[in-house]
Amino acid sequence: MGSATGQVIKAVIVDDEASARRWLRTLCDRVDGLEVVAECATAREASLALRNQASDVLFLDIRLGPHTGFQVLNGLSFAAMPHVVFVTAHEQYAVKAFDRAAVDYLLKPVREERFRMAIDRIKRIVVNGRSGVVDPPARCSGVGALADVTLAARLPGASGHVIAEREGSFHVLDRGLITVLEADRNYILVWCRGDENPYRMRGTIYELHDALGGMPFMQINRSVIVNMTHSARIERDADSHFCFVMHGSDRHIRVGRSYHSQIAELIRGKIA
């Protein structure tokens, strides 16, 4: 992998649509220090090019006729693996893409500003000699940027992390630091301890409740799940409704009528 300071970053473009390849080349040509060394329309062409041509970054479509971009990666050795930026019209593959150590995930049509954000990230990785693999820290870490959409993702059950979006970027969130999950139409707002603004992920509160698998996460009304670990206290409001107050917050979250008996049992110590 050619990646030394001061050297040109070599790129391979793989997309089965000629118009998409042309647009990516145009974007590449507008960036100093970035050279397209191969363009491929099929998975086979891509595999051959990546074996025969040293490259630093691979702009890879996911759907390539009868094949997928993931199949292209399956055929590569570690030594031949460039930093991968997926370029696709389909946001639902984002989790799998980051599982394959993608550096970024661009949604079509790719905007130039968004493309340059990806290139800036690639340059930092190449120049500093860092791996494109992201190791989520204990708190919240950016994992490249996403266009103005959110991740169509679910919780990876065993990983302990959630991937959500904020201000155009994917973030890997430690599940243990999530305080509140709140329905917002077709999305879920993900609030983390110490953050003033929420992250977003696509889905419903009911789907998420099932995926979380119970304690310490508890659904307390039709649109809110709280992490009991971060619950400071349970109060009663002026109308005698239970309300949750989270650590470090003055926000009172009212318990729904149909959830009242469950919370009463919790208070009486019948729910561990």
Would you mind reporting whether I9 and H83 have side-chain heavy atoms less than 4.5 Å apart? no
How would you list, by chain and number, every residue that makes a side chain to side chain donor-acceptor pair (under 3.5 Å) with R22, sequence neighbours excluded? none
Side chain to side chain contact (heavy atoms under 4.5 Å, CB included) against E45, all qualifying residues, sequence neighbours excluded: C40, A41, T42
Applying side chain to side chain contact (heavy atoms under 4.5 Å, CB included), can you list everything that pairs with V37, at least two apart in sequence or on another chain? K10, V12, E35, Q53
Checking side-chain contact (heavy atoms from CB on, under 4.5 Å) between V85 and each of I122, L58, L24, which is the one that passes? I122
List for me each residue that meets salt bridge (Lys or Arg N to Asp or Glu O under 4.0 Å) alongside R44, sequence neighbours excluded, and say none if there are none. none
With E196 via salt bridge (Lys or Arg N to Asp or Glu O under 4.0 Å) - residues at least two apart: none
With R63 via salt bridge (Lys or Arg N to Asp or Glu O under 4.0 Å) - residues at least two apart: none
Per the ring-ring contact (aromatic ring centres under 6.0 Å, His included) rule, what does the pair list look like for residues 10-53, sequence neighbours excluded? none
Among R251, R200, R222, find the residue that satisfies the salt bridge (Lys or Arg N to Asp or Glu O under 4.0 Å) test when tested with E182. R251
Residue set satisfying side chain to side chain donor-acceptor pair (under 3.5 Å) with N221, at least two apart, ordered chain then number -> S223
Tell me which pairs pass ring-ring contact (aromatic ring centres under 6.0 Å, His included) where either residue lies in residues 42-69, with sequence neighbours left out. F59-F115
Using a 6.0 Å cut-off, check whether atom CG of N197 has over 12 heavy atoms from anything other than its own residue. yes
For R257, salt bridge (Lys or Arg N to Asp or Glu O under 4.0 Å) partners two or more places apart: none
Contact between M246 and R193 at the side-chain level, heavy atoms closer than 4.5 Å - yes or no? no
What pairs with T68 under side chain to side chain contact (heavy atoms under 4.5 Å, CB included), at least two apart in sequence or on another chain? F70, Q71
Residues 238-267 vs ring-ring contact (aromatic ring centres under 6.0 Å, His included), sequence neighbours excluded, gives F242-H260
